[in-house]
Protein chains: 2
Amino acid sequence: MATETDSGATRRGLRRPGLASRRIPLRLNDAELAARHGEDRKFVWSLARAFELLHAFRPGQGPLGNAELSARTGLPKATVTRLTYTLTQLGYLRQSELDGRYQPSPALLAIAYPVLANIGIRQMAQERMQRLADHTGASVALSSPDGDMMIYVSACSSSALDALLLDIGSRVGMTQSAAGRAYLSSLEDDEREAMFEHFAGRLGPDWADLKPRILDSIAEIRERGFCYVDREWREDVRAVATPIADLDGTTRMALTVGGPAFALAPEQMVEDFGPRLVHLARGLSRAPMR
Amino acid sequence: MATETDSGATRRGLRRPGLASRRIPLRLNDAELAARHGEDRKFVWSLARAFELLHAFRPGQGPLGNAELSARTGLPKATVTRLTYTLTQLGYLRQSELDGRYQPSPALLAIAYPVLANIGIRQMAQERMQRLADHTGASVALSSPDGDMMIYVSACSSSALDALLLDIGSRVGMTQSAAGRAYLSSLEDDEREAMFEHFAGRLGPDWADLKPRILDSIAEIRERGFCYVDREWREDVRAVATPIADLDGTTRMALTVGGPAFALAPEQMVEDFGPRLVHLARGLSRAPMR
DNA sequence: CCATGCGTTTCGCATAGCGGAACCTTAACG
DNA sequence: CGTTAAGGTTCCGCTATGCGAAACGCATGG
């Protein structure tokens, strides 16, 4: 009997936890937040599940089958079948004729498009970013905060670097990246403090190492307008970044020049790229009109 | 009693139709298809509703409130509240502090990102597209089919055209645009015939006008590799386009050069841009490796 | 042939989530 | 200030929804 009851409880009980506690499902709202929705009459769980599923697709890893999706998300096979089916019908997933596995379809770009269109500064910045990319031979990007990540909303690279290092939509950690620190520097003290609390909670002991480095970067920005971060985000990448506001004057973002460490000399980053970046940001901030 | 029953029936009955028959909610799966899901045990309606809601946001139209969303989608206010609430929690919508209205957030870009990363030819094309844009002074784009639309998956513009005419994720009609016709030309006869059936169904009487023009464009492509479409998609836009395949060799796409009619002379489009475009497509198709 | 692995289908059940209606706010107006 | 209007949220009863364990199909492949 106890078994019976337990099994029932577990079966239902697993539902939420499947999303909530296990494996940090929603990368931006903390797991705790998700857990808090346990009794929330307003929260639509099937939606959360579907997005978690979409999130299981990673760039460059190619198509995924239902089994793989089930494994990654922790959702039961039947549920995955239903979700992939629905998403396919809606056109957001595309199923390979051959192996029946799924891939996100361009339709997703279409729903993401209004995001781009709503970032006023993007349009203005585009050309000048490209010029800066050409001059520096590195990648230039504009990024916007999202949880504890920075998301690229615009990206240019020079011909020198054959492939774009990172493209629109890619994400870099807010704490380790130059972009993230530039953004953090633009926050009010109390806002930044709140973020720090989050980080502390998330990172635990590592935070002690990280915090001073972030503070250094912020001080650097205060002093000369940009920060230089060398191989912290990734072993092989260095970048400079500066904060910038969108045309509405409130939305905070970051502007970055970066690239593979082997191709970029630290001096040129600090002496040339950094100042140019600041110049660009200034130019965009006192934007003529609109 | 009859009233009672009817009201009940209507109440529930309205649900599906709210998505299905009314106002062509899912732009790519035909309304008919959606309607067909009436009894489909596998179809998750809340998902469809949520995406319809996301789809209500249009580029450049700024943030939307729940009322507006309710009006646009035909979903009841309470439902909209629940959905916006959930999407906000998940981070895909962002709510303005001031007026409480919603806007799609960059998190959407992050879920769309794998789409870009999976299109192999994108990376290779980027630089050469940019060069072509610089040379022509027009916009160069790579687009992928989605239902009866072409969606831009890559876009370059020259410095000459200050703003990007269209950005990644924007959509143009398959029937009217050069890109769409280039894509159509790359289909097998039976596939194309199937598309034509769709169009005929969708467009009704207009189809009679449109079809010959599409066939002309296709003939043009057969003959000289590209088609030139002048102010059909929009009053003020002209473009040339050519078909191209992704690296996998199967996924069909289109490559376009286009821009405002006043800035582009028909002769240069046909004599210079078109041939260059074809050259570019050829170069990309016999891509060296990978 | 039986195992293994993927995918779909079935089906009974609890509840998720729907939506009409009531209920707050704010704002504007007379 | 009442009053109307327009946005939004909350309530709440009800059932269709969508969940997921388990059974089933269907390929591989040893």
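Side chains are part of it too, since the values below use all heavy atoms of this structure and drop only hydrogens, waters and symmetry mates. Proteins come first, then strands; the chains are lettered A, B, ... in the order of their sequence lines, and each starts at number 1. Remember, it's a predicted structure, so these values are computed and weren't measured experimentally.
- The interatomic distance linking A:R72 (CZ) with C:dC6 (P) rounds to 13 Å, in whole Å.
- Every side-chain contact (heavy atoms from CB on, under 4.5 Å) that B:E193 has, sequence neighbours left out, goes to B:F196, B:E197.
- Residue A:L109 is tested with B:D167, B:V115, B:L108 for a side chain to side chain contact (heavy atoms under 4.5 Å, CB included); the sole match is B:V115.
- In this structure, A:A67 reaches the sugar-phosphate backbone alone: every heavy-atom distance under 4.0 Å involves primed, P, OP1 or OP2 atoms, never a base.
- With sequence neighbours left out, B:T79 forms a side chain to side chain donor-acceptor pair (under 3.5 Å) with no residue at all.
- Following rounding to the nearest Å, A:Q95 (CD) and C:dG7 (C1') show an atom-to-atom distance of 10 Å.
- Residue pairs meeting the salt bridge (Lys or Arg N to Asp or Glu O under 4.0 Å) criterion with at least one member in residues 56-71 of chain B, sequence neighbours excluded, are B:E68-B:R72.
- Distances shorter than 4.0 Å separate some side-chain N or O of B:T79 from OP1 or OP2 on C:dG19.
- When heavy atoms are screened at a 4.0 angstrom cut-off, B:S46 is found touching the sugar-phosphate backbone but no base atom.
- If you measure from atom NZ of B:K42 to atom P of D:dG18, you get 15 Å, rounded to the nearest angstrom.
- Spacing between atom CZ of B:R101 and atom P of D:dT9 amounts to 14 Å, rounded to whole angstrom units.
- Residues passing the salt bridge (Lys or Arg N to Asp or Glu O under 4.0 Å) test with B:R252: none are found, sequence neighbours excluded.
- Atom-to-atom, CG of A:L69 to P of C:dG7 comes out at 8 Å; the value is rounded to the nearest Å.
- The phosphate of C:dT8 has OP1 or OP2 within less than 4.0 Å of a side-chain N or O from A:T81.
- B:R94 pairs by the side-chain contact (heavy atoms from CB on, under 4.5 Å) definition with A:S144, A:D146, B:S105, B:P106, not counting sequence neighbours.
- The base of D:dG20 lies outside donor-acceptor range of the side chain of A:K77, with no N or O pair under 3.5 Å.
- Atom CG in B:L83 sits roughly 10 Å away from atom P in C:dG17 (whole-Å rounding).
- If you check residues 57-66 of chain A against DNA chain C, the residues with a heavy atom closer than 4.0 Å are A:G65, A:N66, listed by number.
- Nearest-nucleotide positions on DNA chain C for A:L47 and A:D99 put A:D99 closer to the 5' end.
- Remark: A:R234 engages no residue in a salt bridge (Lys or Arg N to Asp or Glu O under 4.0 Å) (not counting sequence neighbours).
- Atom P of nucleotide C:dC6 and atom CD of A:E68 are separated by 9 Å, given to the nearest angstrom.
- Between the P atom of C:dT8 and the CG atom of A:L75 lies a distance of 15 Å, rounded to the nearest Å.
- Taking the six-membered ring where the residue is Trp, the centroids of A:Y92 and A:Y102 are separated by 6.0 Å or more.
- For A:E188, the side-chain contact (heavy atoms from CB on, under 4.5 Å) test picks out A:D190, A:E191, with sequence neighbours left out.
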Requested in this report: Could you run through nucleotides 25-30 of chain D and give me one letter per nucleotide, 5' to 3': B if any protein heavy atom sits under 4.0 Å from the base, S if only the sugar-phosphate is that close, - if neither?
Outcome: ------
